[in-house]
Amino acid sequence: MGKLSRNVFDVLKERGFIAQTTNEEKIREILGSQKVTFYTGFDPTADSLHVGHFLQLIVMSHMQKAGHRPIVLLGGGTAMVGDPSGKTDMRKMLTHEEITHNAEQFKKQMSKLIDFSDGKAIMVNNGDWLLELKYIEFLRDIGVHFSVNRMLTAECFKSRLERGLSFIEFNYMLMQSYDYLKLFQDYNCVLELGGDDQWSNILGGVDLIRRVKGEEVYGMTFCLLTTSEGKKMGKTEKGAVWLDPEKTSPYEFYQYWRNIHDADVIKCLKLLTFLPMEEIEKLSQYKDEKINEVKEILAYEVTKIVHGEEEAQKAQQAARALFAKGGDFDHAPSTEISRSELGDGIGILDLLMLAGLIPSKGEGRRLIKQGGIYINGERVDDQNLMITSQDFTENHLLIRKGKKVYHRVILSK
RNA sequence: GGGAGAGUUCCCGAGUGGCCAAAGGGGGCAGACUGUAAAUCUGUUGCUUGUCAGCUUCGGUGGUUCGAAUCCGCCCUCUCCCA
């Protein structure tokens, strides 16, 4: 375990995590002098965590290693409402069942980064207290402390005031603030962490506790993961990059980081890996073509944290095999096809569909017309091409789509 | 509660009875150039189909019409003004 002597605040700052703090000096002081219980909330609005959550988990991990106690707050209650912060559109409402299922998935993924054994970290669900709230009581006890005028001036509501904000979402801040109060009372939690879009909500909680309890607690936000172009990171054409291997395979996950823009590599190393700063410094000297080596390190490290060392190695070998020489193909994405399915042969378009490389045959025709499909390294120029067992070498066949998408087809008995 | 508007393909946004699978931009995909980068240029971007063509789409639903994204009724959602 880490020692309190090493101040995790400095580490976070050095690595570029911190966006805003309620009281920088004080936070630094307590993090260096005592065991602090802190919390971060996660609303289970999808059935897997994604890269944005991952950054928060890394922070929690840094904190835990430094000897502090994390509380993971699952937003089983707040997810019923929907956080308007940073969103331009109204949230879709989730059912109770969906939320419970999602929360289960979250738990599994989080335990990879946070040690929940022996009470070293706690997981709670705000549904446990929010769902049973009495409306009038809540208004009288909590609602009185909030000024609508002030809330309306909060940055996080600005865009929503133009586009529309329903009353239910407007209440989100009160609920999150109440969570903090509750955790302060029950666990002596004195620090709330979150993405920078949570700043207003965190302030709400800090203010509430001061008013109700007369005590000072703290809040700190972290920069959102964005690309050098200011776009949210962790999005692909297919949607978010998920931590669930069923939704984003370790190979795809690895490739996402392997293909990151030059300008973002060092930032990602600092934020998403635990590599020591000295080493990152060294890597930041790499320029031009050499920067590819840094990208490999980034992809490997991040994949290792999320999917484990073994999967990271497989992903790396697969990528190397496909893009360079060496490594083995065994771990590249693949589809199996049986001899009976293959029969006397299968049309190239059907094969592409089977492998999930195209969403429709029209798309496949277009790709072939434009020269974007290769079978075993040969460009395909006939959309009626039949693939037969002759095309398989040792029951394997390699399809390439565009420059980077590789897929193996394995012929089984 | 009263009044005025709006809902278009992944997103923004044009389209006000046939020439609309629907302009333009963004994004995506592919090609060229590269370093599995960026920028740039080119092509492409509903489904089925070798071509012709056919099919499904413009908030929902029911009409009018030879023919509707476009007109009419009802419903849903959102925005604005008044209370």
Side-chain angles (χ1 to χ4, degrees), chain A residues 82 84 87-93 157-170 226-241 251-269 283-284 286-300 302-303 315-327 329 331-333 347-350 352-353 355-375 377 379-386 398-407:
Chain A
K87 317 278 190 318
T88 48
D89 293 320
M90 185 100 67
R91 298 301 299 279
K92 152 181 157 244
M93 290 254 231
F157 290 128
K158 285 273 170 62
S159 71
R160 293 302 301 273
L161 285 176
E162 282 157 28
R163 303 204 50 154
L165 176 69
S166 71
F167 187 67
I168 181 172
E169 289 183 292
F170 189 59
T226 53
T227 67
S228 52
E229 288 156 357
K231 288 189 212 139
K232 260 193 197 159
M233 212 178 267
K235 296 273 185 216
T236 68
E237 64 288 353
K238 285 184 202 151
V241 175
Y251 172 78
E252 285 175 274
F253 188 84
Y254 177 94
Q255 280 296 301
Y256 179 81
W257 301 108
R258 176 62 187 77
N259 284 313
I260 209 108
H261 294 352
D262 288 9
D264 298 319
V265 181
I266 294 302
K267 181 166 116 184
C268 286
L269 278 174
L283 293 173
S284 71
Y286 288 39
K287 291 280 178 294
D288 304 318
E289 212 177 323
K290 285 274 270 181
I291 211 165
N292 280 321
E293 292 171 35
V294 186
K295 291 185 188 182
E296 267 203 339
I297 293 170
L298 171 70
Y300 180 80
V302 179
T303 308
Q316 185 158 67
Q317 279 170 18
R320 282 180 178 163
L322 295 168
F323 288 96
K325 303 283 179 284
F329 287 76
H331 309 297
I348 178 71
L349 292 172
D350 290 312
L352 291 171
M353 285 291 277
L357 290 172
I358 52 172
S360 69
K361 291 192 182 176
E363 175 76 25
R365 288 200 177 83
R366 206 174 295 131
L367 270 164
I368 291 171
K369 209 179 294 170
Q370 296 185 131
I373 292 292
Y374 295 76
I375 295 287
R379 180 177 274 187
V380 175
D381 50 13
D382 173 14
Q383 35 180 278
N384 294 314
L385 182 71
M386 292 302 284
L398 186 67
I399 307 175
R400 190 180 118 206
K401 171 175 108 68
K403 292 192 186 95
K404 305 184 196 171
V405 181
Y406 290 90
H407 199 93

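- With rounding to whole Å, A:Leu298 atom CG is found 21 Å from B:G35 atom P.
- Using bins of under 30°, 30° to 60° and over 60° for the plane-to-plane angle, the ring pair A:Phe253/A:Trp257 lands in the perpendicular bin.
- Atom NZ of A:Lys290 is separated from atom P of B:G35 by 15 Å (rounded to the nearest Å).
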**side chain to side chain contact (heavy atoms under 4.5 Å, CB included) evaluation trace for A:Asp262 with A:Lys295** = CA-CA 8 Å; A:Asp262 288 9; A:Lys295 291 185 188 182; 2.8 Å; yes
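- For A:Arg258 and B:G35, the CZ to P distance is 13 Å, given to the nearest whole Å.
- Looking at heavy atoms from C-beta onward, A:Lys404 lies in side-chain contact with A:Asn259 at the 4.5 angstrom threshold.
- B:C80 is paired with B:G3 under the Watson-Crick or G-U wobble criterion, all donor-acceptor distances under 3.5 Å.
- Nucleotides B:G43 and B:G25 place their P atoms 11 Å apart, quoted to the nearest Å.
- The same atom, C1', is picked in B:A32 and in B:A39; the two are 14 Å apart, to the nearest Å.
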Between N or O atoms, less than 3.5 Å apart, protein on one side and nucleotides 30-33 of chain B on the other: list the pairs.
from  : atom 1 : to       : atom 2 : distance (Å)
B:A30 : O2'    : A:Gln370 : O      : 3.2
B:C33 : N4     : A:Lys403 : NZ     : 3.3

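- Backbone-only contact: A:Glu363 has heavy atoms under 4.0 Å from sugar-phosphate atoms and none from a base.
- If you take CD1 of A:Ile260 and P of B:A37, they are 13 Å apart, rounded to a whole angstrom.
- Nearest nucleotide to the side chain of A:Asn292, out of B:U36, B:C47, B:U49: B:U36.
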Under 3.5 Å, which donor-acceptor pairs link side chains of residues 362-371 of chain A to any protein atom two or more places apart or in another chain?
from     : atom 1 : to       : atom 2 : distance (Å)
A:Glu363 : OE1    : A:Arg366 : NH1    : 2.8
A:Arg365 : NE     : A:Gln383 : OE1    : 2.9

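- Atom CD1 of residue A:Ile291 and atom CD of residue A:Glu293 lie 10.5 Å apart, to the nearest 0.5 angstrom.
- Across A:Ala319 and A:Gln255, no two heavy atoms sit closer than the pair CB-NE2, 3.3 Å.
- Remark: C1' of B:U36 and OH of A:Tyr254 are 10 Å apart, rounded to the nearest angstrom.
- B:U9 is unpaired under the criterion used here, namely a Watson-Crick or G-U wobble arrangement in which both key atom distances are under 3.5 Å.
- Going from atom NZ of A:Lys361 over to atom C1' of B:C29 covers 20 Å, rounded to whole Å.
- Taking atom C1' on both nucleotides, B:C20 is separated from B:U57 by 11 Å, rounded to a whole Å.
- Comparing A:Gln255 and A:Gly362 against RNA chain B, the residue whose closest nucleotide sits nearer the 5' end is A:Gln255.
- Searching all strands for a Watson-Crick or G-U wobble partner of B:G62 with both distances below 3.5 Å returns B:C72.
- Taking 4.5 Å as the limit, some side-chain heavy atom of A:Leu298 sits within range of a side-chain heavy atom of A:Ile260.
- Nucleotides B:U16 and B:C29 place their C1' atoms 34 Å apart, quoted to the nearest Å.
- B:A68 sits 6 Å from B:G17 when the C1' atoms are compared, rounded to a whole Å.
- Annotation: salt bridge (Lys or Arg N to Asp or Glu O under 4.0 Å) contacts of A:Lys361 (sequence neighbours excluded): A:Asp350.
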Show the distances under 3.5 angstrom between N or O atoms of the protein and N or O atoms of nucleotides 50-57 of chain B.
from  : atom 1 : to       : atom 2 : distance (Å)
B:G50 : OP2    : A:Arg365 : NH2    : 3.4

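- If you take atom P in B:G46 and the same atom in B:G73, they sit 34 Å apart, rounded to whole Å.
- Pair check for B:C41 finds B:G31; Watson-Crick or G-U wobble, both atom distances under 3.5 Å.
- Spacing between atom CD of A:Glu169 and atom C1' of B:C78 amounts to 13 Å, rounded to whole angstrom units.
- Using N1 to N3 plus N6-O4 or O6-N4 for Watson-Crick, or N1-O2 and O6-N3 for G-U wobble, each under 3.5 Å, B:C55 pairs with B:G46.
- Under the 4.5 Å side-chain criterion, counting only non-hydrogen atoms from C-beta, A:Arg379 is not in contact with A:Ile373.
- Residues satisfying the ring pair (Phe, Tyr, Trp, His ring centres under 6.0 Å) test with A:Tyr406, not counting sequence neighbours, are A:Phe323.
- Separating the CD1 atom of A:Ile291 from the P atom of B:A37 is a distance of 13 Å, rounded to the nearest angstrom.
- Comparing B:U64 with B:A14, their C1' atoms sit 27 Å apart, to the nearest whole Å.
- For B:C82 and B:C19, the P atoms lie 43 Å apart once the distance is rounded to whole Å.
- Applying the side-chain contact (heavy atoms from CB on, under 4.5 Å) test to A:Ala315 and every residue at least two apart in sequence or in another chain returns A:Tyr254.
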